[in-house]
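Residue numbering restarts at 1 for every chain, and letters A, B, ... go by the order of the sequence lines.
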Protein chains: 2
Amino acid sequence: MELSEGKQKFIETWGTLGSSWGINRTMAQVHALLLIAPEAMSSKEIMDDLKISLGNANMNIRALLSWGLIYKHLVPGERKEFFVAEKDMWVVAKKIIEQRKKKELEPLVKALEEISAVEGTGKETEEFKKVVQDLKLFSNKSNSALETLLKADSNWFVGTFMKMIK
Amino acid sequence: MELSEGKQKFIETWGTLGSSWGINRTMAQVHALLLIAPEAMSSKEIMDDLKISLGNANMNIRALLSWGLIYKHLVPGERKEFFVAEKDMWVVAKKIIEQRKKKELEPLVKALEEISAVEGTGKETEEFKKVVQDLKLFSNKSNSALETLLKADSNWFVGTFMKMIK
DNA sequence: CAATCCATTCAATATTTACTGAAAGCTAAT
DNA sequence: ATTAGCTTTCAGTAAATATTGAATGGATTG
């Protein structure tokens, strides 16, 4: 396979997969492009490479910055901004997990907390409370497990955790 | 909080969150409804409760069945089918993880495998290969970690894993 | 074997989500 | 103070996804 073909395929795959990872397609493509870029790139270059509008490029670059998946890279004497991707995959994974936890788990934990305040004593109420309680227990556990994971470093993950889980 | 209000809130929350969990809103709402239903429900009841069309109810029920999150429950003497949800949250989580792994991780592993076949020796090629290689390593590890997790039972998770990770 | 009762499918439609392009904002150079 | 270079915003539009409802299929009953 040719390099250019490989690059293209990588960007395409990352983009498609991104959708199911809670990252929109373009955002994932910009990320992919920067991941495999040998040098920092400007908005203009990103926009041209991916054939997207300036506005779109800008918005997704901002989003990636706010997720901490890419960084600004200022070149002396250049007015425009350049961007580079975080290349340590463990860091990348952590940042993605962090965002997803915030979006997918924390609101659940919060809602369950509120919902557990149902009153009453009938059979139906008891059943409802049980489901909510079980779920609350489970999501709290997952939440703290993830928190610990986020604090852990790569070696720990690759070493201890992987060995243990096997 | 009243029971009815709690139920409604639960269905709403699960539905909204579902979207970010790779499950569409209605599918998640049907699931929520069955999770807190004290009895098995028919398509018709589900449809009426959630104010959705018969076709929509049917499609999402099929999807939930195929995910293994709900089961058919045949009542003797009744012609129509009833449905009940899996209520063990550990099982529920495993089924969801299983599906998401299939959709979000396996295609990546497969694509990276193909992409690693890039040829050439330039600096750019080397860099590209490195990113792909790192990513491949990482996603393979995650994949087998999840596989092990799926085989593990609830007690193991709650016990060993939680203790270790704390 | 016709009628009924459910389940299923799918083209048309509605809803949600993402993208574009033009306009406005900033900042630095002249 | 004006222009030029780049970034940001956002209303309108386009694309992707989900939902409806009517038609079809199958099975059971009288």
Side-chain angles (χ1 to χ4, degrees), chain A residues 11-12 14-34 40-67 70-84 99-100 103-104, chain B residues 11-12 14-34 40-67 70-84 99-100 103-104:
Chain A
I11 291 170
E12 194 189 312
W14 202 246
T16 308
L17 272 272
S19 333
S20 50
W21 278 77
I23 293 171
N24 85 40
R25 210 185 70 230
T26 306
M27 181 171 162
Q29 285 182 343
V30 173
H31 186 219
L33 179 63
L34 287 173
M41 297 179 76
S42 66
S43 299
K44 180 96 184 17
E45 289 170 317
I46 292 170
M47 166 192 147
D48 290 344
D49 263 40
L50 299 178
K51 313 264 175 48
I52 58 177
S53 73
L54 195 52
N56 195 12
N58 184 270
M59 289 197 307
N60 285 297
I61 287 170
R62 290 314 119 193
L64 286 165
L65 283 170
S66 87
W67 281 46
I70 65 173
Y71 308 112
K72 273 190 192 173
H73 176 82
L74 294 173
V75 175
E78 282 274 19
R79 210 155 133 190
K80 57 173 167 276
E81 296 172 326
F82 290 82
F83 303 94
V84 287
Q99 295 293 328
R100 297 186 81 181
K103 234 184 27 187
E104 303 179 9
Chain B
I11 292 171
E12 193 190 313
W14 202 247
T16 309
L17 271 274
S19 335
S20 50
W21 278 78
I23 294 171
N24 84 38
R25 212 185 67 230
T26 306
M27 181 171 162
Q29 285 182 342
V30 173
H31 185 219
L33 180 62
L34 288 173
M41 297 178 76
S42 66
S43 299
K44 180 94 183 19
E45 290 170 314
I46 292 170
M47 170 194 144
D48 289 343
D49 263 39
L50 298 177
K51 313 264 175 46
I52 57 176
S53 74
L54 195 54
N56 194 10
N58 185 272
M59 290 198 306
N60 285 298
I61 287 169
R62 293 312 118 194
L64 285 165
L65 283 169
S66 88
W67 280 46
I70 65 173
Y71 309 111
K72 274 190 190 172
H73 176 82
L74 293 172
V75 174
E78 281 274 19
R79 216 155 128 189
K80 55 174 169 277
E81 296 171 327
F82 290 81
F83 305 94
V84 287
Q99 294 293 329
R100 298 186 80 181
K103 232 181 33 184
E104 303 179 10

[N] [atom2] sits how many Å from [X] [atom1], rounded?
| X | N | atom1 | atom2 | answer |
| --- | --- | --- | --- | --- |
| B:N58 | D:dT19 | CG | P | 14 Å |
| B:E81 | C:dC5 | CD | C1' | 13 Å |
| B:I46 | C:dC6 | CD1 | C1' | 14 Å |
| A:I61 | D:dC6 | CD1 | P | 14 Å |
| B:M47 | D:dA18 | CE | P | 21 Å |
| A:D48 | D:dC6 | CG | P | 13 Å |
| A:L65 | D:dT7 | CG | P | 12 Å |
| B:K44 | C:dC5 | NZ | C1' | 13 Å |

Next on the checklist: Restricting to side-chain hydrogen bond (donor to acceptor under 3.5 Å, both in side chains), what partner residues turn up for B:S42, sequence neighbours left out?
Outcome noted: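 side-chain hydrogen bond (donor to acceptor under 3.5 Å, both in side chains) check on B:S42 returns B:E45.
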
Checklist entry - For B:K44, what residues pass the side-chain hydrogen bond (donor to acceptor under 3.5 Å, both in side chains) criterion, not counting sequence neighbours? => result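 Partners of B:K44 by the side-chain hydrogen bond (donor to acceptor under 3.5 Å, both in side chains) criterion, ordered by chain and then number, come out as B:D48.
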
Next on the checklist: Treating primed atoms plus P, OP1 and OP2 as sugar-phosphate and everything else as base, which nucleotides of nucleotides 19-30 of chain C get B, S or - for protein heavy atoms under 4.0 Å?
Outcome noted: SBB-----BS--

Checklist entry - Heavy-atom distance under 4.5 Å between the side chains of A:L64 and A:F83, does that happen here? => result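 No - every pair of side-chain heavy atoms lies 4.5 Å or more apart.
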
Checklist entry - If you look at every strand shown and take non-hydrogen atoms under 4.0 Å, does B:S42 touch a base, only sugar-phosphate, or nothing? => result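 The answer is nothing, as B:S42 stays clear of every strand by at least 4.0 Å.
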
Next on the checklist: Main chain of A:L54, side chain of A:N58: is a donor-acceptor contact present, judged purely on distance under 3.5 Å?
Outcome noted: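 Looks like no, no N/O pair under 3.5 Å.
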
Checklist entry - Quick one: is D:dC6 close enough that its OP1 or OP2 comes under 4.0 Å of any side-chain N or O from A:S43? => result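 Answer no for this pair, as no side-chain N or O of A:S43 is under 4.0 Å from OP1 or OP2.
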
Next on the checklist: Surrounding CZ of B:R100 (heavy atoms of other residues, nucleotides or ligands, distance under 6.0 Å), is the total greater than 12?
Outcome noted: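 Above 12, so yes.
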
Checklist entry - So does B:K72 pair up with B:E78, basic N to acidic O under 4.0 Å? => result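 The answer is no: the pair does not qualify as a salt bridge.
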
